[in-house]
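What follows is a single structure, written as structure tokens, with notes after it.
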Amino acid sequence: MTNLPDDARSALMLLSELVEPGDAELDDLLDETGPIEAVKRLWEGDVPERLRRITSAAVSCTPDPAYRAAQIRAATAACGARVLTPDDPDWPERLRDLLLVCDADEPHVRPPRCLWVRGPHDLAEVCERSVAIVGARAATEYGQHLADDLAAELADAGWTIVSGGAFGIDRAAHLGAMARGGTTVAVLASGVDSPYPKGNVSMFDLIAERGLLLSEWPPGSSAMKHRFLTRNRVIAALTAGTVVIEAALRSGARNTARHAAELGRVLMFTPGPVTSTMSTGVHRLAREPWEARLVTRAEEVIEDLTGIGGPLASEPPPQQRPIDRLTEIEARLVESLPRGYVVETARLAAVAGLPAEVAAETLERLQRMRWVDRVDDRWRLARVPQT
């Protein structure tokens with residue numbers, strides 16, 4: 001007789017090792033039987049053919065499922081993590097929205113069945129006001145600077161930054177948030193005990209202290225290509241909106257953007273040089289039927305996330321030109337002087353629409369201010385431009 005896990009949480013942890021997250025057939029079985037009975041049926045082979053086929057090797061290598069579940073629990077405790085299930089109070093409600101966009105033709109889009117979490121915060125609480133910032137791994141210096149600044153300003157405004165822990169834009173967003181004392185969540189494609197990529201290990205250690213590391217896979221799980229795409233739906237679902245900063249036409253960031261749009265989340269992007277391949281995928285968002293919003297600073301992101309009732313973005317300060325410091329009459333005379341030519345006072349007064357005596361008096365003042373030069377009885381723009 002099969003030795004089964006004695007609680008639903010342990011059974012879900014074991015099932016997450018056997019079957020990839022979001023699997024529709026396993027989720028249907030869980031809805032029908034519950035986690036412990038689902039484990040029993042898997043070990044007895046009393047499941048649909050596809051489920052039996054993809055789990056048969058693991059089942060045959062694991063004669064005692066209860067013992068294996070205990071090992072996963074021990075590994076979870078050893079790395080300082082905890083496991084959340086949909087019945088826990090700190091389970092984010094937004095994740096349930098994935099049920100509304102399930103597509104039978106697309107695998108692994110159902111909501112998570114459980115989550116491994118490392119870090120001191122309540123997941124549901126920190127994700128209540130959260131925004132995803134995602135983008136290219138091979139980001140330019142411009143993109144990284146923008147992600148850092150945007151994350152820092154959003155963190156200052158009390159928003160949690162969610163990203164995928166990768167190099168490039170993800171890394172800049174996580175570090176930008178923490179630099180301002182904000183909270184950040186890294187959604188991983190590996191176990192929370194060995195976050196990928198290894199080159200970001202110091203950052204992941206900092207996130208585990210100040211924010212949260214999050215994964216659908218048990219400790220010891222390796223990052224695999226398909227898992228990055230699977231976890232992207234969680235990044236999109238957890239947050240109120242997603243900002244894409246730099247992305248090629250085929251990229252994980254665009255995959256996250258699609259999930260966000262399908263979930264009805266606010267989708268935003270930042271512009272880049274039209275000559276940059278790292279901005280091609282971002283600019284393409286503006287032409288997709290997803291109603292993506294162009295944003296350039298945190299105030300605009302917050303306005304789009306909060307809607308009419310939230311703080312609206314103020315107009316950016318106008319650029320101050322030297323001529324803006326002149327009076328209206330002074331500016332009219334300066335603008336009436338053609339560059340490289342000398343003009344008589346009377347003719348200049350006529351062009352500017354001013355009395356000759358007013359023009360003469362104002363031109364003398366402009367000469368003292370080094371805006372114009374006198375050449376005999378005529379005037380020209382100063383050779384040294386004002387700054």
**Message:** Tell me whether the NZ or CZ atom of Arg171 lies within the 45° cone about the ring axis of Phe204 and under 6.0 Å from its centre.
**Reply:**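 Checked: cation-pi criterion not met.
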In terms of hydrophobic clustering (I, L, V, M, F, W, Y; side-chain heavy atoms under 4.5 Å; direct or indirect links), are [X] and [Y] co-clustered?
{"X": "Leu12", "Y": "Ile36", "answer": "yes"}
{"X": "Phe167", "Y": "Ile245", "answer": "no"}
{"X": "Val134", "Y": "Val162", "answer": "yes"}
{"X": "Leu263", "Y": "Leu95", "answer": "no"}
{"X": "Leu188", "Y": "Leu123", "answer": "no"}

Verify, without hydrogens or angle tests, whether [X] (side chain) and [Y] (backbone) share a donor-acceptor contact under 3.5 angstrom.
{"X": "Arg284", "Y": "Ser279", "result": "no"}
{"X": "Arg231", "Y": "Val187", "result": "yes"}
{"X": "Arg378", "Y": "Val342", "result": "no"}
{"X": "Arg9", "Y": "Val83", "result": "yes"}
{"X": "Ser276", "Y": "Met278", "result": "yes"}
{"X": "His283", "Y": "Pro271", "result": "no"}
{"X": "Thr256", "Y": "Gly252", "result": "yes"}
{"X": "Ser221", "Y": "Trp217", "result": "no"}
{"X": "Thr239", "Y": "Ile235", "result": "yes"}

Are there more than 12 heavy atoms of other residues, nucleotides or ligands under 6.0 Å from atom [atom1] of [X]?
{"X": "Arg293", "atom1": "CZ", "answer": "no"}
{"X": "Asp31", "atom1": "CG", "answer": "yes"}
{"X": "Glu291", "atom1": "CD", "answer": "no"}
{"X": "Glu128", "atom1": "CD", "answer": "no"}

[Y] and [X], any side-chain heavy atoms less than 4.5 Å apart:
{"X": "Pro35", "Y": "Leu30", "answer": "yes"}
{"X": "Ile72", "Y": "Trp116", "answer": "yes"}
{"X": "Glu357", "Y": "Glu361", "answer": "no"}
{"X": "Ile207", "Y": "Arg118", "answer": "no"}
{"X": "Thr160", "Y": "Thr184", "answer": "no"}
{"X": "Arg41", "Y": "Glu32", "answer": "yes"}

Is the shortest distance from a Lys or Arg side-chain nitrogen in [X] or [Y] to a carboxylate oxygen in the other one below 4.0 Å?
{"X": "Arg96", "Y": "Glu93", "result": "yes"}
{"X": "Asp88", "Y": "Arg82", "result": "no"}
{"X": "Glu330", "Y": "Arg365", "result": "yes"}
{"X": "Glu288", "Y": "Arg258", "result": "no"}

Does one side chain, of [X] or [Y], offer a donor that lies under 3.5 Å from an acceptor on the other?
{"X": "Ser202", "Y": "Asp205", "result": "no"}
{"X": "Arg113", "Y": "Thr85", "result": "no"}
{"X": "Glu246", "Y": "Thr140", "result": "yes"}
{"X": "Glu344", "Y": "Trp379", "result": "no"}
{"X": "Ser130", "Y": "Trp159", "result": "no"}
{"X": "Asp149", "Y": "His145", "result": "yes"}

**Request:** For this output row, return yes or no: ring centroids of Tyr196 and Phe228 closer than 6.0 angstrom.
**Result:** yes
Between [atom1] of [X] and [atom2] of [Y], what distance do you get to the nearest 0.5 Å?
{"X": "Thr270", "Y": "Tyr142", "atom1": "OG1", "atom2": "OH", "result": "5.0 Å"}
{"X": "Thr230", "Y": "Glu216", "atom1": "OG1", "atom2": "CD", "result": "7.5 Å"}
{"X": "Thr55", "Y": "Leu18", "atom1": "OG1", "atom2": "CG", "result": "6.0 Å"}
{"X": "Ser222", "Y": "Arg227", "atom1": "OG", "atom2": "CZ", "result": "7.0 Å"}
{"X": "Leu51", "Y": "Asp23", "atom1": "CG", "atom2": "CG", "result": "5.5 Å"}
{"X": "Arg254", "Y": "Arg250", "atom1": "CZ", "atom2": "CZ", "result": "10.5 Å"}

Identify the heavy atoms of [X] and [Y] that sit nearest to each other, and give their distance.
{"X": "Ile161", "Y": "Ala177", "answer": "CG1-CB, 3.6 Å"}
{"X": "Pro112", "Y": "Arg233", "answer": "N-NH2, 3.7 Å"}
{"X": "Ala253", "Y": "Ala247", "answer": "CB-CB, 4.0 Å"}
{"X": "Pro219", "Y": "Asp193", "answer": "CA-OD1, 3.3 Å"}
{"X": "Arg374", "Y": "Gln367", "answer": "CB-NE2, 3.7 Å"}
{"X": "Ala155", "Y": "Arg180", "answer": "CB-CB, 4.4 Å"}

**Request:** Given salt bridge (charged side-chain N to carboxylate O under 4.0 Å, His left out), test Asp97 with Arg265 step by step and report yes or no.
**Result:** CA-CA 10 Å; Asp97 291 349; Arg265 306 293 194 256; 3.0 Å; yes
**Request:** Give the C-alpha distance, both sets of side-chain angles, the deciding distance and a yes or no for salt bridge (charged side-chain N to carboxylate O under 4.0 Å, His left out) between Arg297 and Glu300.
**Result:** CA-CA 6 Å; Arg297 53 205 173 99; Glu300 293 170 348; 3.6 Å; yes
**Asked** After noting the C-alpha distance and the side-chain angles of Arg52 and Glu44, does the key distance pass the salt bridge (charged side-chain N to carboxylate O under 4.0 Å, His left out) rule?
**Response** CA-CA 9 Å; Arg52 184 165 60 251; Glu44 293 176 349; over 6 Å; no
